[in-house]
Amino acid sequence: MPAKDAMKARFLLAPLALISQWMLTTPATAAEASAATAPLSVESYGSLPFLSQFDLSPDGQRLAYVQNQHGQLTLVVYDLNTKQRDYVVQSDNLKVFFNGYEWANNHTLLVHVRDVRGEWGVSYNITRLMTYDVTGDRKLELTVKQRDGEHVAQFQDNIISLLPDDPDHVLMSIDYDLATQPSVYKVDIYSNSREQVQRNTPYVIDWIADRQGKVRIAEGRDETTYFYDLMKDDNTRERLFEFEAFSPETVDVKGFGKDPNILYFTALHEGKDALFQMDLTTRKRQLVYADGKYDVAGNLLYSDQTGDVAGFMTTNVKDSRVYWDANFQKLQKALTKAIPDAYNAVMDMSQDGNKYLLYSESAEDSGSYFIGDRKAGQLVYIGSRYPDVTPEKMHNKHKLTFKARDGLELEAYLTLPADFKKGAAAPTIVLPHGGPMSRDDDSFDYWSQYFAEQGYIVFQPNFRGSVGYGYDFAMAAMQKWGQEMQDDLQDAAHYLVDNQYTDGQHTCIVGASYGGYAALMGVAKYPQDFKCAASFGGVSDLAYLVSQARFFTNADVVRKQFGRDAEKLDAASPITYAKQINRPVLLIHGSDDNVVSVKHSKYMDSALESADKDVQFIELEYGDHHLSNQEHRLKTLAAIKSFLDKNLH
């Protein structure tokens, strides 16, 4: 019996009718139509998840989720009693994007949508909020409308409180008065009417409400100085925190407890971020949770039963949840026993605490969803994110450590193909993550899984500059692009050779965003170690990147991150070395990328072409920075595989 089937068999399932209705929505898998040993197609790993974004209505009677239908993402509401479905909105993530949703009450969804606009050659997002009432006549209409004479607000979907005691209203932060200076409005989600409850003020970029729905904190930035101010009853403000961008004094406010005078935030503790709480009446702070090896980063987890903080979400512990609520601790313990050796995360729970949504992922499961009923003792399998990726088609990530040339210990994740033999001349990919202030972990990753399925070793090092390993480690990325953090990637390639994973003659460097930059710099600096480079949405010109920051409100922060020394920026830019690059290069970029302009790849392509180099450039029409569109995702993976096959075999 396959592992996933064995897992399902351990549970007391709901009536067959419910299971059958879910299963009817699952497409026939490629694995069923081909031999088990044949590699799965790019569609199996590279398609957008078949099911995602599940959420229960507060009363537990309705289930909302997103289903992928041949690249079209459809938001569906499923009534658990009547077994009826409502189809709310559909998007191909090409020109208009479905950006998420939440339940406002038991029968109404608030849906976030965005589209991409362009001015003066710069792309940017516009967001809006839509109301969808399952039981009424309001079917996907604007929640809040701009009035004549108001500033055209770029972001009109920023909800700061769902107002738990007032299901017909929400609090929203929108800059209708002055650009980048939002006011707070109490919005009727059914009538479009709104009332201003907090006026905009200079330098304040957002507002934070407590659990009772009262605006309590002003969050702001003045050039590179950030601050959090506490709102007082007389409408004056008192400074809680102030710090420079990228400084060790940085604080990230996470939210309030049930007690409106208890505030949670992360800040440095012995060199790594930890979770604290502060009593706002006394200003006394107390350490809540710290990890001696990793930063604590994530969001608060609330209990609808108590109304208080139940725990904290962080990527550095099993199941990613740290609970101090006894009810959640008991449930998490039971789930660990029911599905051992898996990442089990309770994603949502009904207000009465009976029904809940579970996401489970393991070395044999690419990601499955379940709905649980605690009174009935049932846990019902709903479906998988990647139905084709059966247990035998999972390629396990192995966490390991290696040392850089200066002795710094680095973590990495190694994914091996099924036919791997140590010491063989296996084709290999060094795959640095984006950011660079990000990190890779052991969760399911469609890039590494797909390329391992195609016979490639995939190595993902968390080079210095990655987050999660403390302040000093992350700050190695500050004005250091192309330096030690780039050397770490060469050291990663040497580690693979020294430990007989590959022979050093069949390695390519591949990446997206910062990873794309690192790929281009890899063949510029270390052509003896990397036989080719593939870049998706990569930066090629740091001086151009910094110059474009002038169109955005965080320009001073960008300049602080990269510096303004033109000579140093040029020295760290791949485009500077176009004439020296003698390895094949693949460039892929979305035309509507509003994170890294497509001009980075266009300019790099032109420079390489002019120097008569081996370069291929693919521009994805209307493509964004995140491969949100399924066709773009499949085209990108297929193009990279073809490029690797040509240059590494």
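Heavy atoms only: backbone and side chains are in, while hydrogens, waters and symmetry mates are out. Heads up: numbering here begins at 1 and tracks the sequence.
With hydrogens and angles ignored, the 3.5 Å screen pairs no side-chain donor or acceptor of Asp605 with any backbone N or O of Leu608. Checked by atom type and distance alone, the side chain of Lys525 pairs as donor or acceptor with a backbone atom of Gly482 at under 3.5 Å. Checked by atom type and distance alone, the side chain of Asn93 pairs as donor or acceptor with a backbone atom of Ser628 at under 3.5 Å. Remark: the backbone N or O of Gln460 is not paired with any side-chain donor or acceptor of Asn462 at under 3.5 angstrom. Without hydrogens or angle criteria, Gln69 side chain to Phe50 main chain gives no donor-acceptor distance under 3.5 Å. Under a 3.5 Å cut-off, the side chain of Asp529 and the backbone N or O of Gln490 do not form any donor-acceptor pair. At distances below 3.5 Å, not a single donor-acceptor pair connects side-chain atoms of Ser606 with backbone N or O atoms of Tyr603. In terms of modelled atom types and a separation under 3.5 Å, the side chain of Lys397 and the main chain of Ser443 share a donor-acceptor contact. Using a distance-only test at 3.5 Å, with no hydrogens or angles considered, a donor-acceptor pair links the side chain of Ser91 to the main chain of Val96. Looking at Glu453, its side chain never comes within 3.5 Å of a backbone N or O of Ser41 through a donor-acceptor pair.
Nearest heavy-atom pair, Pro417 versus Ala452, reported as atom, atom and distance to 0.1 Å: CB-O, 3.3 Å. Across all non-hydrogen atoms, the minimal contact from Phe473 to Glu409 is CE1-O, 4.3 Å. In terms of heavy-atom proximity, Val66 sits nearest to Phe98 at CG2-CE2, 3.3 Å. Scanning both residues, Ala477 and Met437, for their nearest heavy atoms gives CB-CE, 4.1 Å. Summarising the geometry of Ser44 relative to Val389, their closest heavy-atom pair is O-CG2, 3.8 Å, with the distance given to 0.1 Å. Here the closest heavy-atom approach between residue Ala425 and residue Thr502 is recorded as C-OG1, 4.5 Å.
In this structure, CD1 in Ile509 is found 10.0 Å from OG1 in Thr507, a value given to the nearest 0.5 Å. For the atom pair Leu268 CG and Asp472 CG, the distance stands at 8.5 Å (nearest 0.5 Å). The CG atom of Asp365 sits 9.5 Å away from atom CZ of Phe444, with the distance rounded to the nearest 0.5 Å. Considering CE of Met478 and CD of Gln561, their distance stands at 6.0 Å, rounded to 0.5 Å. Rounding to the nearest 0.5 Å gives a distance of 11.5 Å between OH of Tyr386 and CG of Leu51. Atom CG of Leu48 sits about 7.5 Å away from atom CG of Asn629, to the nearest 0.5 Å.
One finds no salt bridge joining Lys403 and Asp491 here, because no Lys/Arg side-chain nitrogen approaches an Asp/Glu carboxylate oxygen to under 4.0 Å. Glu361 has no carboxylate O lying under 4.0 Å from a charged side-chain N of Arg385, or vice versa, which leaves the two without a salt bridge. Taking the charged nitrogens against the carboxylate oxygens, Asp556 and Lys560 have no contact shorter than 4.0 Å, which rules out a salt bridge. Salt-bridge check for Asp624 with Arg114: passed, with a basic side-chain N closer than 4.0 Å to an acidic carboxylate O.
Heavy atoms from other residues, nucleotides or ligands lying under 6.0 Å from NZ of Lys95 number 12 at most. For Arg405, the CZ atom counts as densely surrounded, since its 6.0 Å shell holds more than 12 non-hydrogen atoms of other residues, nucleotides or ligands. In Lys613, the NZ atom is crowded: over 12 heavy atoms of neighbouring residues, nucleotides or ligands sit closer than 6.0 Å. Within a 6.0 Å sphere centred on NE2 of His649, heavy atoms belonging to other residues, nucleotides or ligands number more than 12. Within 6.0 Å of CD on Glu567 lie no more than 12 heavy atoms contributed by other residues, nucleotides or ligands.
With sequence neighbours excluded, no residue forms a salt bridge (Lys or Arg N to Asp or Glu O under 4.0 Å) with Lys421. When the ring-ring contact (aromatic ring centres under 6.0 Å, His included) test is applied to Phe402, the partners found at least two apart in sequence or on another chain are Phe459, Tyr495.
Judged by the 6.0 Å distance and 45° axis criteria, Arg439 is positioned over the aromatic ring of Tyr469. A cation-pi arrangement is present between Lys422 and Tyr501, with the terminal nitrogen or guanidinium carbon under 6.0 Å from the aromatic centre and inside a 45° cone about the axis.
Under the 4.5 Å side-chain criterion, counting only non-hydrogen atoms from C-beta, Val539 is in contact with Trp481. A 4.5 Å side-chain heavy-atom check between Tyr544 and Ile575 finds every atom pair outside the cut-off. When side chains are defined from C-beta on, Leu586 counts as touching Ile618, because their heavy atoms get closer than 4.5 Å. Contact of the Met604 side chain with the Ile581 side chain is registered, since non-hydrogen atoms from C-beta on lie closer than 4.5 Å. Put simply, the side chain of Lys602 does not reach to within 4.5 Å of the side chain of His589, judged on heavy atoms. The closest side-chain heavy-atom distance from Glu621 to Leu94 is not below 4.5 Å. For the pair Val596 and Tyr517, the minimum side-chain heavy-atom distance is 4.5 Å or more. Looking at Val557 and Phe246, their side chains come closer than 4.5 Å, going by heavy atoms from C-beta outward.
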Might you work through the side chain to side chain donor-acceptor pair (under 3.5 Å) test for Ser466 and His433, ending with a clear yes or no?
CA-CA 9 Å; Ser466 303; His433 59 70; 2.8 Å; yes
Walk me through whether Glu244 and Thr225 qualify under side chain to side chain donor-acceptor pair (under 3.5 Å).
CA-CA 5 Å; Glu244 277 294 303; Thr225 301; 2.3 Å; yes
Test side chain to side chain donor-acceptor pair (under 3.5 Å) applied to Ser448 and His395, step by step:
CA-CA 8 Å; Ser448 62; His395 302 276; over 6 Å; no
With side-chain contact (heavy atoms from CB on, under 4.5 Å) as the test, would you mind laying out the steps for Lys531 and Gln505 before giving the verdict?
CA-CA 7 Å; Lys531 304 307 175 187; Gln505 301 302 310; 3.7 Å; yes
Could you check Tyr456 against Thr415 for side-chain contact (heavy atoms from CB on, under 4.5 Å), going step by step and ending with a plain yes or no?
CA-CA 9 Å; Tyr456 288 88; Thr415 308; over 6 Å; no
In sequence, state the C-alpha distance, the side-chain angles, and the governing distance for Val615 and Glu609, and then conclude on side-chain contact (heavy atoms from CB on, under 4.5 Å).
CA-CA 7 Å; Val615 60; Glu609 285 273 13; 3.8 Å; yes
Residue pair Thr74, Gln67: steps toward the side chain to side chain donor-acceptor pair (under 3.5 Å) verdict
CA-CA 5 Å; Thr74 304; Gln67 182 172 333; over 6 Å; no
Might you work through the salt bridge (charged side-chain N to carboxylate O under 4.0 Å, His left out) test for Arg464 and Asp406, ending with a clear yes or no?
CA-CA 12 Å; Arg464 72 192 75 199; Asp406 60 358; 2.8 Å; yes
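Relative ring orientation between Phe463 and Tyr514 is described as tilted, the plane-to-plane angle lying within the 30° to 60° band.
Side-chain N/O atoms of Ser513 and His625 include a donor and acceptor closer than 3.5 Å. There is no side-chain donor-acceptor pair under 3.5 Å between Gln454 and Tyr45.
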